[in-house]
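Accompanying notes for the structure given below.
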Amino acid sequence: MFMSTITFRTAVGMVALYALAAVSGAMILVRHMANGRDGFGIITGAAILCVFSFLAVRYARIASQLRRESPSEG
């Protein structure tokens, strides 16, 4: 149901967006760990990294499935 409402370009765009958000979470995580801080910054960075990595992989799978299902151009 969900995949019929999404196009290949949209899925690829979402992969890029979620991958950038995951990188942002990784940067927050590394910055707080390098400064020797603990607590909220590390938890936030790790949570952002995990959630957006999961979403990026999910949309990458959707995009690859849509790519296989689309008629070949040529």
Could you work out the complete set of other residues in the hydrophobic cluster of M27, with links drawn between I, L, V, M, F, W and Y side chains under 4.5 Å apart?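 V23, all in the cluster of M27.
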
Members other than L49 in its cluster, when Ile, Leu, Val, Met, Phe, Trp, Tyr link by side-chain heavy atoms under 4.5 Å?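 Members other than L49 - counting any ILVMFWY side chain reachable under 4.5 Å - are L29, M33, I42.
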
Answer yes or no: is there a side-chain heavy-atom contact under 4.5 Å between Y59 and L17?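 Not in contact.
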
A19 and A56: which non-hydrogen atoms are nearest, and at how many Å?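 Here A19 and A56 meet closest at N-CB, 4.0 Å.
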
List in chain and number order the residues that pass ring pair (Phe, Tyr, Trp, His ring centres under 6.0 Å) with F52, two or more places apart in sequence or in another chain; answer none if no residue qualifies.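 In terms of ring pair (Phe, Tyr, Trp, His ring centres under 6.0 Å), with neighbours along the sequence ignored, F52 is linked to Y18.
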
If two hydrophobic side chains count as joined below 4.5 Å and joins carry through other members, does F54 share a cluster with V51?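 F54 clusters together with V51.
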
Are V15 and L20 linked, directly or through other ILVMFWY residues, by side chains that come within less than 4.5 angstrom of each other?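 No, V15 and L20 fall in different hydrophobic clusters.
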
Could I get the full list of side-chain contact (heavy atoms from CB on, under 4.5 Å) partners for S64, not counting sequence neighbours?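 S64 satisfies side-chain contact (heavy atoms from CB on, under 4.5 Å) with R68 only.
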
For A63, side-chain contact (heavy atoms from CB on, under 4.5 Å) partners two or more places apart: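 For A63, the residues satisfying side-chain contact (heavy atoms from CB on, under 4.5 Å) (neighbours in sequence not counted) are F8, A11, V12.
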
Check side-chain hydrogen bond (donor to acceptor under 3.5 Å, both in side chains) between T10 and all other residues, then give those that pass, not counting sequence neighbours.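 For T10 the side-chain hydrogen bond (donor to acceptor under 3.5 Å, both in side chains) partners, ignoring immediate neighbours, are T7.
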
Within this structure, what is the CD1-CD1 distance for the pair I48 and I43, rounded to the nearest 0.5 Å?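 Rounded to the nearest 0.5 Å, the CD1-CD1 separation comes out at 12.0 Å.
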
Hey, what do you get for NE2 (H32) to OG1 (T44), rounding to the nearest 0.5 Å?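 Taking NE2 in H32 and OG1 in T44, the distance rounds to 7.5 Å.
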
